[in-house]
Peer 1: 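Structure incoming, see below.
Being a predicted model, the structure only gives us computed values, none of them experimental.
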Amino acid sequence: MNLSIMDVLVLQTDIRWLDAAGNLSRCGELLEEAFTGEGKSPDLVVLPEMFATGFCMEPDKCAPFAESITQWMTAAASLYDTALAGTVAVETPEGYRNRLYFVRPDGNVAYYDKRHLFGYAGEDKIYGCGKRRVIVRWRGFDILLQTCYDLRFPVFSRNRDDYQLAVYCASWPASRIAVWDTLLRARAIENASYVIGVNRVGSDPTGAYPGHSAVINFRGETAAKADGETEGHIFHTLSLEELYRFREKFPVLNDGDRFVME
C-alpha cells in the first residue's frame, strides 16, 4: 500500500427526510456504482452531514436510527476495505450530539462531536457542542474532522503542522452557497492543506441544498468537484509528496500564530 497517496471518494447525495433505511440503501447503490465505475477501491469515503436522516432539529426522531446507521458504516467499510466519514445524530448520557464518525475497515471507530452549533437555526439549544479537536491517522494522512458550520471558524481549524487533510461534512443551504465555496478555499490556503467539502443536494422541510461538493488542494485550487446539483461522486487522488514539496518551498505554517483551545 502506497502511504504517500490517498484515493478519496466524495458522495454528494440527496437525502429523504427521516428515511434512514431508504437513504442507507441509496448510499449503498451509489457506493457500488462509484466503485464499479472507478475500477478500484478508495481509501476514504466522505458523506454529507446527517447523511441518513437529513439535518434534523428533532433528535428524538432521528437519534433512534444511530445504531443502524453506524452498523451500516461498519459493514460498508469492511466490504470495500475503506474508511467512511459522515455525521449522525446520537443520544449520549450528556444529551444529543451531532457526531461525525470515522469508521475504519477493521471496525475501529473514532468520532468528533460538532463544536460550532448553528445558533441562527437553534441547533445550540438542541444539541450539545463538542469539546475536543479531533485528528485521525489513516493510511499515511492525518485528517482533521469538521462539520458544516465549523467551516466559518478559522481558529478552530488552525493547522499546527499536525494534519494534511481537513474534511467538512455539511448540509449547507443554497442561500449561502457562495460562502461555502469561498471558505473551503480559504481553509485550504491558510492551512496549506487539502480540504474536502461534501454537501448534500435536494431539499427538506427547512430548505434546499445545491451540492457544490469539492476537493481543494493546498494552493486553494479546486482539484475536483461534483457535477451540478444532482447526486454523484468525486474520485480524486491526494499526494503527500506534492503537499510536502509545496510546504517546503512556501513554509507558511512556520509563521502562524499558536492558538490553543480553552
Side-chain angles (χ1 to χ4, degrees), residues 1-13 23-24 26-52 66-88 90 97-114 130 132-148 150 157 159 162-170 193-200 213-217 223-224 226 232-240 243:
M1 184 179 297
N2 187 348
L3 296 183
S4 68
I5 63 171
M6 176 175 285
D7 293 324
V8 298
L9 175 64
V10 180
L11 284 188
Q12 178 171 282
T13 65
N23 290 319
L24 294 178
R26 180 57 178 154
C27 284
E29 293 172 356
L30 292 171
L31 277 175
E32 179 63 25
E33 291 172 8
F35 280 52
T36 301
E38 298 296 338
K40 60 179 178 178
S41 175
D43 299 292
L44 173 64
V45 176
V46 189
L47 297 150
E49 184 178 23
M50 297 195 191
F51 67 94
E67 183 175 359
S68 63
I69 296 169
T70 54
Q71 287 175 348
W72 178 89
M73 294 178 75
T74 301
S78 175
L79 176 63
Y80 293 110
D81 188 32
T82 187
L84 271 74
T87 93
V88 182
V90 301
R97 299 290 185 270
N98 185 347
R99 179 161 290 177
L100 198 168
Y101 282 107
F102 189 94
V103 182
R104 297 174 176 87
D106 63 359
N108 183 281
V109 177
Y111 69 86
Y112 159 70
D113 289 338
K114 187 176 182 180
R132 300 181 303 127
R133 178 178 179 269
V134 177
I135 294 173
V136 297
R137 179 79 172 175
W138 177 240
R139 292 186 177 170
F141 280 69
D142 298 296
I143 305 169
L144 177 71
L145 303 181
Q146 301 273 273
T147 302
C148 203
D150 287 329
S157 63
N159 195 337
D162 55 0
Y163 70 84
Q164 300 86 37
L165 167 65
V167 168
Y168 291 88
C169 301
S193 297
Y194 291 107
V195 166
I196 293 175
V198 56
N199 190 35
R200 65 161 294 183
S213 301
V215 178
I216 312 296
N217 69 21
H233 73 270
I234 304 167
F235 195 101
H236 190 72
T237 301
L238 311 180
S239 168
L240 279 181
L243 171 62

Peer 1: For G86 and C169, work out which heavy atoms get closest and say how close.
Peer 2: CA-SG, 4.2 Å
Peer 1: Indicate yes or no: at least one non-hydrogen side-chain atom of T147 is less than 4.5 angstrom from one of D113.
Peer 2: no
Peer 1: Determine the minimum heavy-atom distance between S68 and L24, stating which atoms define it.
Peer 2: O-CD1, 4.1 Å
Peer 1: Nearest 0.5 Å please: distance from the CZ atom of R139 over to the CG atom of D43.
Peer 2: 5.0 Å
Peer 1: Applying salt bridge (Lys or Arg N to Asp or Glu O under 4.0 Å) to K40 and D7, what does each step give before you reach the verdict?
Peer 2: CA-CA 9 Å; K40 60 179 178 178; D7 293 324; 3.6 Å; yes
Peer 1: Could you check whether F35 and Y80 have their ring centres less than 6.0 Å apart?
Peer 2: yes
Peer 1: Which atom names give the shortest non-hydrogen contact between Y168 and V195, and what distance separates them?
Peer 2: CD1-CG1, 3.9 Å
Peer 1: Is a side-chain N or O of S213 found less than 3.5 angstrom from the main chain of N199, in a donor-acceptor match?
Peer 2: yes
Peer 1: I'd like to check D150 versus K114 (side-chain heavy atoms, cut-off strictly below 4.5 Å). Are they in contact?
Peer 2: yes
Peer 1: Looking at every non-hydrogen atom in both residues, tell me the closest pair between D162 and D142 and how far apart they are.
Peer 2: O-CB, 3.4 Å
Peer 1: Measure from the side-chain N and O atoms of Y194 to the backbone N and O of V167, and report whether any donor-acceptor pair falls under 3.5 Å.
Peer 2: no
Peer 1: Roughly how far, to the nearest 0.5 Å, is CZ of R200 from CG of N23?
Peer 2: 8.5 Å
Peer 1: Any side-chain heavy atom of V103 sitting closer than 4.5 Å to one from T70?
Peer 2: no
Peer 1: Just by distance, with hydrogens left out, do H233 and E38 show a side-chain donor and acceptor under 3.5 Å apart?
Peer 2: yes
Peer 1: Would you check, one step at a time, whether the test side-chain contact (heavy atoms from CB on, under 4.5 Å) holds for L9 with V46?
Peer 2: CA-CA 6 Å; L9 175 64; V46 189; over 6 Å; no
Peer 1: Apply side-chain contact (heavy atoms from CB on, under 4.5 Å) to the pair M6 and L44, showing each step before the final yes or no.
Peer 2: CA-CA 8 Å; M6 176 175 285; L44 173 64; 4.2 Å; yes
Peer 1: On the 0 to 90° scale, with breaks at 30° and 60°, tag the W72-F51 ring pair as parallel, tilted or perpendicular.
Peer 2: tilted
Peer 1: With distance as the sole criterion, is a donor-acceptor pair present between the side chains of E49 and N98 under 3.5 Å?
Peer 2: yes
Peer 1: Answer yes or no: is there a side-chain heavy-atom contact under 4.5 Å between T13 and L30?
Peer 2: yes
Peer 1: Is any side-chain heavy atom of I143 closer than 4.5 Å to one of F102?
Peer 2: yes
Peer 1: What is the distance from atom NE2 of H236 to atom CD1 of I216, rounded to the nearest 0.5 Å?
Peer 2: 10.0 Å
Peer 1: To the nearest 0.5 angstrom, please state how far the CG atom of L165 sits from the CZ atom of F141.
Peer 2: 7.0 Å
Peer 1: Any cation-pi pair here, R132 with Y111, using under 6.0 Å and within 45°?
Peer 2: yes
Peer 1: Of all heavy-atom pairs between P42 and V8, which one has the smallest distance, and what is that distance?
Peer 2: CB-C, 4.2 Å
Peer 1: Please examine the side chains of L84 and L47, heavy atoms only from C-beta on, and report whether any two atoms are closer than 4.5 Å.
Peer 2: yes
Peer 1: Could you check whether any side-chain N or O of T87 sits under 3.5 Å from a backbone N or O of M50, counting only pairs where one atom can act as donor and the other as acceptor?
Peer 2: yes
Peer 1: Which distance, rounded to the nearest 0.5 Å, do you find between the OG of S41 and the CG of L31?
Peer 2: 9.5 Å
Peer 1: For the OH atom of Y112 and the CG atom of L100, what is their distance to the nearest 0.5 Å?
Peer 2: 8.0 Å
Peer 1: Between Q164 and N159, is a side-chain contact (heavy atoms from CB on, under 4.5 Å) present by the stated rule, with each step listed?
Peer 2: CA-CA 9 Å; Q164 300 86 37; N159 195 337; over 6 Å; no
Peer 1: Heavy atoms only: give me the nearest R137-G140 pair and the separation to one decimal.
Peer 2: NH1-O, 3.5 Å
Peer 1: Is the number of heavy atoms from other residues, nucleotides or ligands within 6.0 Å of CD (Q71) greater than 12?
Peer 2: yes
Peer 1: Say whether, by atom type as modelled, one donor and one acceptor occur between the side chain of S78 and the main chain of A75 under 3.5 angstrom.
Peer 2: no
